[in-house]
Number of protein chains: 2
Amino acid sequence: MRWAPDARGRLQGAALELFSEQGYSATTVPQITARAGLTTRTFFRYFADKREVIFGGDEIPERAAHLIAEAPEELEPMGVIRLVLHRVATEQFEGYRKQTAAVRAIIHANDSLRDRDARKRDDLVRAARTAFIERGESPLRATVVAELGILVFQVALDEWAIDEESRSMTSVIDAVMTLIAGVSP
Amino acid sequence: MRWAPDARGRLQGAALELFSEQGYSATTVPQITARAGLTTRTFFRYFADKREVIFGGDEIPERAAHLIAEAPEELEPMGVIRLVLHRVATEQFEGYRKQTAAVRAIIHANDSLRDRDARKRDDLVRAARTAFIERGESPLRATVVAELGILVFQVALDEWAIDEESRSMTSVIDAVMTLIAGVSP
DNA sequence: CAATCGATGACATTTCGTGTCATCCTATAA
DNA sequence: TTATAGGATGACACGAAATGTCATCGATTG
């Protein structure tokens, strides 16, 4: 069966299955690769470690940075945030609420995955910060704006994922931004 | 040399020495325990894993939650945040800028430690969120306020740690809060 | 059909982290 | 002073994570 297509995708699929069947920590890499018809060594060629298999790639930080750079120059930072988050939500998440909720549940149930998830958030902050600096913001201001933007994204994502009424993610984003504006003064 | 005092402290000291001498990932647990005069097994009795040795304990989330609960009832959420952060800064950090900067540098230089550091931040958010819910805030509002508070703390901590002019951490906190108020509308 | 090159397998190894039981130290009381 | 209970440490084994190295397979190209 060598050379069957999409090794990476098969590994991700097998891993998600096993994680929801047995839990994350009870699942070993050899189990994953056995189900995918590959070897342990091959797993670590596609993913730096066992945690990475549950997170996508680095598309989101790249996409976010690109969208920040492309946003209209005259827009205020928080306007940029709103614009970018709406687009990311629409492109990457809207329509995948159930799957997103399932993955979020696996992550929240395991400390090791919470570690990694939290760093992914920080990676996103860094990418956004760099993009805002290139828009001419001062470093500290860029840090704050980037942190605020990813705060909105993260809170809205988890809120939307567990929401039974199926609000759109964009409306949840707006709700969170309104809340921030209300408490910040 | 069995029963020499402060095994935990000796392990932390030996670990920090070795991390700054050789880097974090090049340092093995047996090396740490050899320098501390203990065994590998004992290391893992004090610390859940190799990363934990560089982070304190859980005092800060507990202290923060306690301070939030004790804050005057009539205070607005962001007023509570300011009050609590000023006290934590004064009690736990002021006067230890160099040591803090050294530890932050080790953390920022290693992905595995960045993972853990990011989750520690999330633990702090959760503790603060619970405390705000007990003050009567709605869950979503509590989430946003807690996230904002820890955002201020984290940004101010890293900014203060690398600041050569030795501003007080409380003044950095105020500066960050002012910045947020300025961009959020 | 042969040569080439990337992807995978096979194997060995190091380190992390945990379970288990024996052994040592300290404290408390007789 | 001695006995003993209980917590802390050592000793040992082991599974799983992660990585290095080299062989081997298969598709592509000419």
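Throughout, a chain's letter reflects where its sequence line sits, starting with A, and its residues are numbered from 1. Quick caveat: nothing in here was measured; it's all calculated off a predicted structure.
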Nucleotide [N], atom [atom2] - distance to [atom1] of [X] in whole Å:
X	N	atom1	atom2	value
A:Asp115	C:dC16	CG	C1'	15 Å
A:Asp6	C:dA7	CG	C1'	14 Å
B:Leu38	C:dC24	CG	P	17 Å
A:Asn110	D:dA16	CG	P	16 Å
B:Tyr46	C:dT18	OH	P	17 Å
A:Asp111	C:dG17	CG	C1'	15 Å

Sequence neighbours left out, what passes side chain to side chain contact (heavy atoms under 4.5 Å, CB included) with B:Tyr96? Give chain and number order. B:Gln99, B:Thr100

side-chain N/O B:Thr42 vs D:dA8 OP1/OP2, d < 4.0 Å: no

A:Asp163 meets the salt bridge (charged side-chain N to carboxylate O under 4.0 Å, His left out) criterion, sequence neighbours left out, with A:Arg167

Please collect all ring-ring contact (aromatic ring centres under 6.0 Å, His included) contacts where either partner lies in residues 98-135 of chain A, sequence neighbours excluded, each pair once. none

What pairs with A:Thr27 under side chain to side chain donor-acceptor pair (under 3.5 Å), at least two apart in sequence or on another chain? A:Gln22

Can you name the residues that form a side chain to side chain donor-acceptor pair (under 3.5 Å) with B:Ser168, not counting sequence neighbours? B:Thr170, B:Ser171

List every contact pair, protein side and nucleotides 18-22 of chain D side both N or O, where the distance is under 3.5 Å.
residue : atom : partner : partner atom : Å
D:dA18  : OP2  : A:Lys50 : N            : 2.9
D:dT19  : OP2  : A:Ala48 : O            : 3.4
D:dG20  : N7   : A:Arg41 : NE           : 3.1
D:dG20  : N7   : A:Arg41 : NH2          : 3.1
D:dG20  : O6   : A:Arg41 : NE           : 2.8

Regarding A:Lys50 and the six-membered ring of A:Phe43, is the cationic atom NZ or CZ under 6.0 Å from the ring centre and inside 45° of its axis? no

